[in-house]
Structure formats: C-alpha cells, structure tokens
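Everything on this sheet refers to the single structure shown next.
These values consider heavy atoms only, across backbone and side chains, with no hydrogens, waters or symmetry-generated copies. Here is the naming used below: chain letters follow the sequence lines, and residue numbers restart at 1 for every chain.
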Amino acid sequence: MIKNKTIRKKLAPISNNSNGHPIIKMVHVKKSFGDLVVLKDINLEIKKGEVLVVLGPSGSGKSTLIRCINRLEKIEEGEILVDGMDIYSPDMDVHKLRTKVGMVFQQFNLFPHMKVLDNIILSPLKVKRIPKNQAKKEALELLKKVGLDDKFNSYPHELSGGQQQRVAIARALAMNPDVMLFDEVTSALDPELVKGVLETMKELAKMGMTMIVVTHEMGFAKEVADRVIFMDEGYIIEENEPKEIFENPQNPRTQAFISKIL
Amino acid sequence: MVGLGFQIDLFVRILPELLRGAAITIQLTAFSVAIGTLIGLFMGIARISHYKIFSVPSALYVEFIRGTPLLVQIMIVYYGLPALGLNLDQYTSGILALSINSGAYIAEIFKAGIKSIKKGQTEASISLGLNYMQTMRYVILPQATRNILPALGNEFIALLKDSSLVSVIAISELLRRGMIVYSRTYDAWTPLLGVALIYLCITIPLSRAVQYIEKRWEILD
C-alpha cells in the first residue's frame, strides 16, 4: 500500500488481498461543503458484478457519495479504494481512474455541439487513443445495445430526453469501465421516457456490470438490485436485500421513507 | 452642389483617396482583432484559472487597459516605448496598441463565454477521463466560441471605429486622409462627412452580419 500524504487521517488498516477483494471500498469517508457535513462516516464495499441501489431523502448525501468515487468531489477523511488502488494516493492517475469508473448524470450532459457518434468516440479517441475506425465501430455496437443505432448522425437536441440519456450511457460504456455510477438518471425525464432508460440499465446489470445507482425508482430497485443501502443525514443507516428493505425496514427513518414512497 | 454645403463633386474627387484610407482602417482592425483574439483567449482562460499566478496578471492587464484611454495607450506605445529602446514604425505601433487594447475586452468576452457553459459539461468531460486541456479544447471552447461570436463581431465594429484614434500617430487611415483633404482644401465639412459616411458603409453591413450569425449559430440543447 502506498502511504497517502494528504491531510486525511487513516482510521483503519485496509486489508487488500487480491483474492476476491471488493471493486470499491470506502472506509470512514467524510466529506463536507464548508460547514455542512454531507458524508459523516461512510463504510461501504461493493463486489464485482454487484448492483447497489442507494436510497434516501434528498440532502442525505447519495449523490455526493457516488461523486466521491470518481473524484468529482474530494473527501476530507477516510479512504476510497477502486480495484484495490487508493484513489487519493499520489501516484494515482485521476484520468485513468475516471476511465475505469463510468458516470451518468441526471441532466445527461451530452456535448450539444457534437453528433451522437462524436459524443461517444471523443474519449476513446483522445484518452485511450484508439484508431478512429475501431472507435466508430465500437460506438455503433454500443448504440445498437441501447437501441439507438439509427441516431448516430443526430445532434443531441434532436433526441428525446430518454434517448439522450441512453446515448449518455453508451458514451460512458465506450471507455469499457469496471464500474458504472448512475446519479438519478431518470429524475429529469418525462414519465413515459423513464422505462427505456431503466430497460437499458437492466440489460447492463444482466451483463454483469458493477453498478451503483442513486434512484427513486423503487420498481427498479426491487427488480434489479442485489443490495440496497438507505442513507440519511450523511450516514448509511440501513443496508439489506431489496425485499427486506422494502417489506421489513428496521430503522424508523427507513420505515417512514418507505411508507411515503410506496 | 447639394444643400448644407456638402460638395458632391469634391467628395467624388477625393473618394479614391478616402477608400485607400478605409482599406488601411479595415486592415489595421482585422490584424488587431486577430491578435487581440489570441491574447483574449489566453487571458480569458488565465482569468478563470484557480492558480493566482495566472489569474492575477490577467486581471491586472484587463483593469489597466479598460481603465485607461485608448489614445493614451497608442501614445505610450508610439512615443513611450522608444524610451525602452523599442522603436516601432507607426503602423506596427498602431496594430500593437489596438491589439493589446482589444485583447483586454476580448478576454472579458471569453471569460463570460466560458463561464456560460454549464458545469455539467466539464463534469461529463472529466468523468470520461479527459484532462483540463482536452476538456477546454474539445468541449468548452467550441461551445463558448459559438456563444461569443456575436460579441466578438461587436468588438470588431467597436475597434474599427476606435482605430480612427491612430490617426494621431500619422497612420494614413480613413480619418487621417479626410484631415489631409481638409488641410488642402480648407473645406472640413465635405471630407469629414464623407469619412463618417464611409465608416457607416462598413459598420452597418457588419452589424447586420453579426445579427445573422447570432441567429444562425445558436446551439440548441
């Protein structure tokens, strides 16, 4: 292990045996924005191929939690390991980390001045330096997977929100990530467009992708999640299989939340 | 003879001379805006940098240029720089002064243009593994540049008019040619009105072009 020289305190020894180690491990993670402490003490392990759904009221730190995993946010204390590597160690290449961890956003964030195909091949071309022909071929295959291979030549604004979001998923997949992070990806969509995006995500889960999904879609959580964590005020207050969490929540705050949304 | 003392025949006679001046005016402006855009691009990016070593000099530059008259800047370059051993001819001095001046205004335009791009664009780009330079080059600047084209066009028009100030260092651009005709004929009215007319003939089509670009290049998202 590389000793990390940042101000973050190391609170617990990390066991890191390559044999079946979790693909993501968060240990005593703390994060605040100014005086507001958003993540108070997060401990979490995610195994390869696992689909983890993160639930919780707004402001509970769900989005911040997953944004820390690809270093869109910087944590103050604790440690995050991705594939056994401390993502804050000085010789961690943050750009390389981000190619391993794909992210999809609530607002899609497609590049509006580029066609769909160019959105997808930008990173393979410029970061992975894959030949253009090959990148295009792979991009078309990905578009086929999300059911939009006829849209490769369109601009994002010519697509519906649901289609844009599926392109955004294809774009993240083009880097061949080990893990995909989904940050409320259906929250900005009209209700009739949600299904297509969720179908795409289900397909992805079936293919064995490791996924961390922040969502309010209970149906998706029940059907696809291997595990659900419930967050409140910066803590993970409950963690269980989806069936257990929905039918038999233990923590009173989880109970209150579940009863409100079901 | 037309009313108000404007002498058409004199105007027609001096028109070729004025047009040669107009050509120099356009040339000066084009060079200066081109160089000013380069300066403005780097200064604009430096301005929004998190590193003080870039942002502070950029802010000082913009403050200095915007806080002092262009006429003074032109004179500093032409009459002042020789004191530092830098002797430039009039034409070079004129372009240098105008470039440095427009660079400051264009830096502000770029700054605003870059800031107008939503944060999600940067986040999406870096989460795909692109670094800061790649994100600027492929994601932010192409969008920002389209957004600021109308503002750049307006800066071109403004500088075209302001370039008349370099007549004080005897560059024979449009206004200077008009003044020469005045001193030759003792008629100020016809050549100066003629000069104004020619400025208008350049600026009106330009501002129409800017309006067209404004509509045409809008990015839909």
Any residue of residues 121-132 of chain B which, by heavy atoms, sits under 4.5 Å from chain A: B:Q121, B:E123, B:A124, B:S125, B:I126, B:S127, B:L128, B:G129, B:L130, B:N131
B:E108: what forms a side chain to side chain donor-acceptor pair (under 3.5 Å) with it, not counting sequence neighbours? B:R47
Greater than 12 external heavy atoms within 6.0 Å of B:M75's CE: yes
Under 4.5 Å from any heavy atom of chain B, what part of A:L110 do you find: side chain, backbone, both or neither? backbone
Using a 4.5 Å cut-off on heavy atoms from C-beta on, say whether the side chain of A:N109 contacts that of B:K118. no
Tell me the side chain to side chain donor-acceptor pair (under 3.5 Å) pairs involving residues 132-141 of chain A, sequence neighbours left out? A:Q134-A:E138
Counting only non-hydrogen atoms closer than 4.5 Å, does A:R171 touch chain B with its backbone (N, CA, C, O), its side chain (CB onward), both, or neither? both
Does a sphere of radius 6.0 Å around CZ in B:F11 hold more than 12 heavy atoms from other residues, nucleotides or ligands, not counting ones at 6.0 Å or beyond? yes
Using a 6.0 Å cut-off, check whether atom CG of A:L36 has over 12 heavy atoms from anything other than its own residue. yes
Flag if over 12 foreign heavy atoms under 6.0 Å of NZ, B:K115: no
Identify which part of A:F111 has an atom lying under 4.5 Å from any heavy atom of chain B, answering side chain, backbone, both or neither. both
Tell me, yes or no, whether the heavy-atom count around B:F42 atom CZ, taken from other residues, nucleotides or ligands under 6.0 Å, exceeds 12. no
Could you please state which residues from residues 115-126 of chain A sit under 4.5 angstrom from chain B, measuring non-hydrogen atom to non-hydrogen atom, sorted by number, or 'none'? A:L122, A:S123, A:K126
Does any heavy atom of chain B fall under 4.5 Å from the side chain of A:V101, the backbone, both, or neither of them? backbone
Tell me whether the count of non-hydrogen atoms from other residues, nucleotides or ligands lying under 6.0 Å of CD in B:Q27 goes above 12. yes
Enclosure of A:F33 CZ (heavy-atom neighbours >12, cutoff 6.0 Å): yes
